[in-house]
Visitor: 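This structure is in structure tokens; I'll ask about it shortly.
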Amino acid sequence: MHFNEFRTILQPHLDYELDPESEQGRVIMHGENPMQVIAGPGSGKTETAVLRVLVLMFVMEINPKSIIMTTFTEKAAKNMRDRILTYAGFLFDQYPDLRHQINIYDLRIGTLHSLCADIMQEYRYTGYQNFRLMDEMEQYLFTMQHSNFVQDPERFFPIFEQFDYLFQGYDPISGLSGWRDHNYPPNQWQRTRAAILLFNRITEGVIDRNRMRQAGPAWDLLIEAYDQYHRQMALHQRCDFPTIQKIFLEFLNSHVGRRFIEGDPSEPEIHPGIAHVIVDEYQDTNPIQEAIYFALARGTHNLCVVGDDDQALYRFRGGTVECMVTFDHACRHYWGMRSTSRYLSVNYRSHPAIVNYCDEYIRSFPVMGIKGARVEGKPQLSAGSSITGTYPAVAFIRGRTIEDTAQNFARCVRYLLDNHIIENANQCALLMRSVKESPRNAGHFADALRDQGILPYNPRSRQFLEQEEIAAALGAFVSIIDRNLQGIGGVRGQQIRDNISHKVEEWIRAYDRAAATSPALRNYVDEARQAIQTKTQEMFQRRDRKTKIGVSMGDVYYHILAHEPFRGWQEDPERTYRLGQLSAIFEQYASIPYLDSPGSYRGDLRASRDRPAISFGWLKDFYNHLVGRLIASGMNDPEEEDIIAPPNRLPIMTVHQAKGLEFDFVFVYGLNRDVEVEEAIHLEDNFEPFRQTQSYIHMIQDQRAAQDIVRFYYVAYSRAKWALIQLVPDAHLRKRPPGFGIIGRNLQRFRMTHQL
DNA sequence: CTGGGTGCAGTTTTT
DNA sequence: CTGCACCCAG
């Protein structure tokens, strides 16, 4: 198909001109060799990437199977796939025969992790056979129980000292902040968290292990712990998120991988090779992902990366905007060639005043002018949307206290609705750092909205454990296995014991409330407890040296759910979803094998050898590992998959959640975020000397911390289409001289706008 | 408008 | 434990 036909078919479905001579057109029509597309907010970067893929398939007649397209999140990947299917549908409608020639479903599109898993599966790569990819919770439980870093703190003490900054934060379980007494190791939860951070860093940072080993005893020990953790994963056929990428990189360098990348002329249908690699959200790429992309495209050099260096938000995950800023450098390093740079700088999303505000905002910070902070030669944003009007498109709302500010905000939304400036509350969004409904965070805002008769939509408020059905299910479970809460006595640390028993008592009260309406539930719980009691008694009298009771956690849990009120609750999809999540967590815990006895799992209730009861050690581990983790983590409510916010609900979200989205009215709260050098920055610096690809950019920690904050607000501000309204309680202005530091400048800038 | 005392709550994000 | 939001006295 010629491009002109392609354009004629699609143009009626687009709200902009598809022009091959425009900057967008040049991206779409770009042929061979590496290209980076630097695209500002609202410039249609995903649309451009999608059209490029369509042109590759329909105009340039590239086999879909040889095109790889990836992005950062599942949601974004789904969005891209949907758009491609929609546009491809229009093209097929005009040329039905093409359906037989172009199989759109062959396109390799998804998050990098899902592609890694799929491709290695397809090629039956021996390094990744029957592995279970662990999610965050599983990795946590697995690491806690299988890593010597956690299990043998004496040996790895030097690492704790070396990375003491990983133990500085507040620990919700022990109620302590920081690692106070260096005569003792940090507690097991802190050690687990640190182990995961360090292990993930080593993998994601593409670390040269030999260089690290030679750097000193603590580094040598770290590699020892890392290797031991990886041996455990291999032994138990498990894999974590960074490691699947590491294995994939090994696959790409293997014989099979070569066939995948370069193709197999004897079977071109099955192994066409990789012709094009297109990566969206490239600014959040980490070194191992960069290595994967350059490996995938090594045959043709057709690597197209799309992103906005100013919207990099994922340093905590090892993401480094450096990958974007130094893309050209990387192309020279890997392939000895230069890349083409394209800039999409017309914003089609926002009112010109907002575009201006965002652009001036990011350029007003001297720290953003440092070499390496932004892509060189990046043009200013220009406004291209049809939104006009002389109303105050950038404004702020003040209040004496947080509560006042929240009420003024809710009144403003009410006003917008009453005067039909907006038709639906879901045209707005409230963006803030934490959406927990506590007084410092979203609490007052959610309440104020409700007072105005506007329901907030806040599925990520992490109120999992506070939900009646969850508390009741856990309470029933504990009532069966440990009615007197004896196992809690095995948890070390007074404060920790208190916190855990406080929570567990809450659950038991919730169970009591549920049982009050359901005698059958109470019957079951009492009988089950009795049965376990009898069974352990028998085993004890028989002097049975085995400890298997023959009952699993899952059995008990599902029997609980089979009774009222849980049965009735299962008609509510949200409650069902939450109970399902709890069962998944139980299942994850249950499936963790014991270190010493293969074939036996945590999920099997164990009897004590010394007393007629459930094993104290088993109960202790249950509280320590599962209950402790549940209390510390906080889980989110189910979210509607395709809907950002249901009708008549006002979404409250974090800036990260809002990334990639747009709203007519955006309210931003929490402009007083302070510059702090977080642990991700320390880790970056600590691991930098061992990276296989050395960094070209050297910025001091404070500069990187400041840039992160500027980018954070930039993402928030640039979500707004019609109006951007900042919410500022007086307390946030105190002790912050305008113009002083990042926050002061932030505050100075909003003061130049209108007060509502 | 400032400073000290009191009371309460305790990041966030992804695969 | 630390840090902030808020209150009230000056």
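As the structure is a computational prediction, the values presented were derived from the model and not from experiment. In what follows, every chain begins at residue 1, and chains take the letters A, B, ... in the order their sequences are listed.
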Visitor: Please report the distance, rounded to the nearest Å, between CD1 in A:Ile681 and C1' in B:dT13.
Guide: 15 Å

Visitor: A:His502 has an atom NE2; how far is it from atom C1' of B:dA9, in whole Å?
Guide: 13 Å

Visitor: Under 6.0 Å from the ring centre and within 45 degrees of the ring axis: does the NZ or CZ of A:Arg238 meet both conditions for the six-membered ring of A:Phe142?
Guide: no

Visitor: Could you tell me how far C:dG3 sits from B:dT14 if I compare only their P atoms? Round to whole Å.
Guide: 28 Å

Visitor: May I ask you to evaluate whether A:Arg440 reaches the phosphate of C:dT2, defined as a side-chain N or O under 4.0 Å from OP1 or OP2?
Guide: no

Visitor: Just call it for A:Lys436: base, sugar-phosphate, or nothing, with non-hydrogen atoms closer than 4.0 Å on any strand.
Guide: sugar-phosphate

Visitor: Could you work out which one of B:dT11, B:dT14, C:dC6 sits closest to the side chain of A:Glu678?
Guide: B:dT11

Visitor: Contact class for A:Leu112 vs. all strands (heavy atom < 4.0 Å): base, sugar-phosphate, or nothing?
Guide: nothing

Visitor: Figure out the NE2/C1' separation between A:His113 and B:dT15, and round it to whole Å.
Guide: 4 Å

Visitor: Classify the nucleic acid contact of A:Arg315 as base, sugar-phosphate or nothing, counting any heavy atom under 4.0 Å across all strands shown.
Guide: nothing

Visitor: Between A:Glu688 and A:Arg704, is a salt bridge (Lys or Arg N to Asp or Glu O under 4.0 Å) present by the stated rule, with each step listed?
Guide: CA-CA 14 Å; A:Glu688 217 278 330; A:Arg704 276 170 287 161; over 6 Å; no

Visitor: Does A:Arg450 have any salt bridge (charged side-chain N to carboxylate O under 4.0 Å, His left out) partners at least two apart in sequence or in another chain, and if so, which?
Guide: A:Glu437, A:Asp447

Visitor: Is a donor-acceptor contact shorter than 3.5 angstrom present between the side chain of A:Arg433 and the base of B:dT11?
Guide: yes

Visitor: Suppose you measure atom P in C:dT2 against the same atom in B:dT11; what distance do you get, rounded to whole Å?
Guide: 16 Å

Visitor: What's the closest nucleotide to the A:His656 side chain, out of B:dT11, B:dT13, B:dT15?
Guide: B:dT13

Visitor: When the distance from CD1 of A:Ile709 to C1' of B:dT12 is rounded to whole Å, what number comes out?
Guide: 13 Å

Visitor: A:Gly175 or A:Phe316: which one's nearest nucleotide on DNA chain B is closer to the 5' end?
Guide: A:Gly175

Visitor: Which nucleotide in the list B:dG10, C:dT2, B:dT15 gets nearest to the side chain of A:Arg317?
Guide: B:dT15

Visitor: Tell me what A:Ser177 touches on the nucleic acid: a base, only sugar-phosphate, or nothing, going by heavy atoms under 4.0 Å.
Guide: base

Visitor: Taking only side-chain N and O atoms of A:Asn200, does any of them lie within less than 4.0 angstrom of OP1 or OP2 on B:dT14?
Guide: no

Visitor: Quickly work out the A:Leu176 CG to C:dG3 P distance and round it to whole Å.
Guide: 15 Å

Visitor: CG of A:Leu683 versus P of B:dT13: gap in Å, rounded?
Guide: 19 Å

Visitor: Angle between ring planes, A:Tyr669 versus A:His732, binned at 30° and 60°: parallel, tilted or perpendicular?
Guide: tilted

Visitor: Between P on B:dC8 and CG on A:Asn441, what's the gap in Å once rounded to a whole number?
Guide: 17 Å

Visitor: Would you call A:Asp284 and A:Lys659 a salt bridge, taking side-chain N to carboxylate O under 4.0 Å as the test?
Guide: yes

Visitor: Can you see if the side chain of A:Thr654 gets near the phosphate of B:dT12 - specifically, an N or O under 4.0 Å from OP1 or OP2?
Guide: no

Visitor: Counting side-chain heavy atoms from C-beta on, which of B:dT13, B:dT12, C:dA5 comes nearest to A:Ser434?
Guide: B:dT12

Visitor: By nearest atom, which of the nucleotides C:dC1, C:dA5, B:dT14 is closest to the A:Arg180 side chain?
Guide: C:dC1

Visitor: To the nearest angstrom, how far is A:Leu313 atom CG from B:dT14 atom C1'?
Guide: 11 Å

Visitor: Look at the side-chain N and O atoms of A:Arg462 and state whether any lies under 4.0 Å from the OP1 or OP2 oxygen of B:dT11.
Guide: no

Visitor: Identify which nucleotide among B:dT11, C:dT2, C:dC6 has an atom closest to any side-chain atom of A:Ile402, counting heavy atoms from C-beta outward.
Guide: C:dC6

Visitor: Pick base, sugar-phosphate or nothing for A:Tyr314, based on heavy-atom distances below 4.0 Å to the nucleic acid.
Guide: sugar-phosphate

Visitor: Among C:dA5, B:dT14, B:dG10, find the nucleotide with the atom closest to the side chain of A:Tyr170.
Guide: B:dG10

Visitor: Contact class for A:Gln245 (heavy atom, under 4.0 Å): base, sugar-phosphate, or nothing?
Guide: nothing

Visitor: Before giving the answer on side-chain hydrogen bond (donor to acceptor under 3.5 Å, both in side chains), spell out for A:Glu281 and A:Gln283 the whole-Å C-alpha distance, their side-chain angles and the decisive distance to 0.1 Å.
Guide: CA-CA 5 Å; A:Glu281 306 284 15; A:Gln283 75 281 2; 2.9 Å; yes

Visitor: Let's go through A:Lys503 and A:Glu466 carefully: what are the C-alpha distance in whole Å and the side-chain angles of both, what is the deciding distance for salt bridge (Lys or Arg N to Asp or Glu O under 4.0 Å) to 0.1 Å, and is it a yes or a no?
Guide: CA-CA 10 Å; A:Lys503 205 75 193 179; A:Glu466 277 65 51; 3.1 Å; yes

Visitor: Given the C1' atoms of C:dC4 and B:dT13, what is the spacing between them in whole Å?
Guide: 23 Å

